[in-house]
Amino acid sequence: MSLLRLGVLVSGRGSNLQAIIDAGKKGEIPAEVVVVISDQPDAFALERARANNIPAIYIGFQDFSNKEKYEEKVAAVLKQYMVEIVCLAGYMRVLGVNMLEAFPNRIMNIHPALLPAFPGLHAQARAWEHGVRFSGCTVHFVDEEVDTGPIILQAVVPVLAEDTAETLAARILEQEHKIYPAAIRLFAQNRLRIQGRKVYIKN
Ligand code: GRF
């Protein structure tokens, strides 16, 4: 079976990118990362890609006249690498219509909270400050809003009495590294069907 071609968009340290690369290399998912694109020139994620012989490309937002033009370029590079699914992994930009139309129902994101609770930035700290007993992480398809698209997988992480926002975030991250490859595996196996807001998983 041929491997699903993944393009990963990043802005930062890239630990989820690493988990996806590793899962592919170990044969745990029938997929391979074929290109990594960052909007930040010094993102550590780019170094991780290079260390794994994956093309690592910086595309600076400020080098384009507007978001449409910037996204046209990002989508063009992804197409050039014949990417079949786009994974956002700590990518700090809200996608616009050009990206969404270039990859309809083919863009996933990982969020460090149990959506629809705590969308947006600093989700782990906000959940901890709110005093929730359980938080976790969510892999979802991306739509035009922030962290609102159909949910593919979630993992629950209990909040412990001795937790700080940092220790909670670290335990959530461990789960992120499991459910993101798991969601990609389901997609690669053609087992995900989106119907309205719901994602059905075929046995
Ligand atoms: C993760 O917590 C992810 O859920 C969020 O951004 C963070 C990225 O971390 N969207 P990393 O760059 O994958 O290490």
Side-chain angles (χ1 to χ4, degrees), residues 6-25 28-29 31-33 35-52 54 56-59 61 74 85-96 99-100 103 107-130 132 134-159 163-185 187:
L6 307 183
V8 185
L9 302 190
V10 296
S11 300
R13 72 187 159 182
S15 71
N16 277 288
L17 167 69
Q18 190 72 57
I20 295 166
I21 293 172
D22 292 347
K25 286 197 161 172
E28 292 168 0
I29 56 173
E32 61 174 337
V33 180
V35 64
V36 174
I37 299 175
S38 172
D39 65 338
Q40 300 298 322
D42 50 3
F44 187 61
L46 288 173
E47 295 194 22
R48 295 183 191 262
R50 286 185 206 110
N52 285 277
I54 297 165
I57 298 172
Y58 160 62
I59 304 177
F61 183 78
V74 174
I85 178 169
V86 180
C87 296
L88 311 185
Y91 182 64
M92 300 305 283
R93 291 187 180 278
V94 178
L95 294 195
M99 273 296 294
L100 293 166
F103 294 93
I107 307 177
M108 288 184 187
N109 181 44
I110 179 107
H111 182 73
L114 292 176
L115 292 172
F118 307 108
L121 295 175
H122 311 301
Q124 309 95 320
R126 282 162 45 229
W128 178 77
E129 278 159 17
H130 194 89
V132 298
F134 295 93
S135 191
C137 46
T138 305
V139 183
H140 63 94
F141 285 110
V142 174
D143 64 11
E144 49 289 324
E145 309 280 331
V146 176
D147 300 326
T148 53
I151 291 169
I152 303 166
L153 290 177
Q154 295 186 301
V156 176
V157 175
V159 181
D163 262 335
T164 61
E166 289 72 30
T167 59
L168 176 61
R171 290 208 316 290
I172 291 174
L173 192 63
E174 282 175 26
Q175 295 305 312
E176 293 182 38
H177 296 164
K178 292 183 184 160
I179 67 169
Y180 214 169
I184 293 166
R185 183 186 310 118
F187 186 94

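Throughout, residue positions are numbered sequentially from 1 according to the sequence presented. Counting starts at 1 for both ligands and their atoms, following the listed order.
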Exercise for review: Could you tell me whether Asn109 and ligand 1 have an N or O pair separated by under 3.5 Å?
Suggested key: no

Exercise for review: Could you list all the salt bridge (Lys or Arg N to Asp or Glu O under 4.0 Å) pairs where at least one residue sits in residues 170-182, not counting sequence neighbours?
Suggested key: Asp163-Arg171

Study note, to complete from the structure: In ligand 1, the atoms that come under 4.0 Å of a heavy atom of Pro112 are 2 (O), 4 (O), 5 (C)

Practice item. Please report which non-hydrogen protein atom sits nearest to atom 4 (O) of ligand 1, along with the residue it belongs to and the distance in Å to one decimal place. Key: Glu176 OE1, 2.7 Å

Check your understanding: Is a side-chain donor or acceptor of Arg185 paired with a backbone partner of Ile29 at a separation under 3.5 angstrom?
Key -> no

Review point. Just checking, any donor-acceptor pair under 3.5 angstrom between side chains of Thr138 and Gln154?
Key: yes

**Study point:** Positive for side chain to side chain contact (heavy atoms under 4.5 Å, CB included) with Ile107, one of Leu100, Leu9, Asp143, Ile85
**Key:** Leu100

**Study point:** Derivation and outcome, side-chain contact (heavy atoms from CB on, under 4.5 Å), residues Tyr180 and Cys87
**Key:** CA-CA 9 Å; Tyr180 214 169; Cys87 296; 3.3 Å; yes

Exercise for review: Measure the distance from atom 10 (N) of ligand 1 to every protein heavy atom, then report the residue, atom name and distance (to 0.1 Å) of the closest one.
Suggested key: Ile110 O, 2.9 Å

Practice item. Just need the protein heavy atom nearest to atom 12 (O) of ligand 1, so name the residue and atom and give the distance. Key: Gly14 N, 2.8 Å

Practice item. Return the option from Ala113, Ser11, Ser15, Gly90 holding the heavy atom at the smallest distance from atom 11 (P) of ligand 1. Key: Ser15

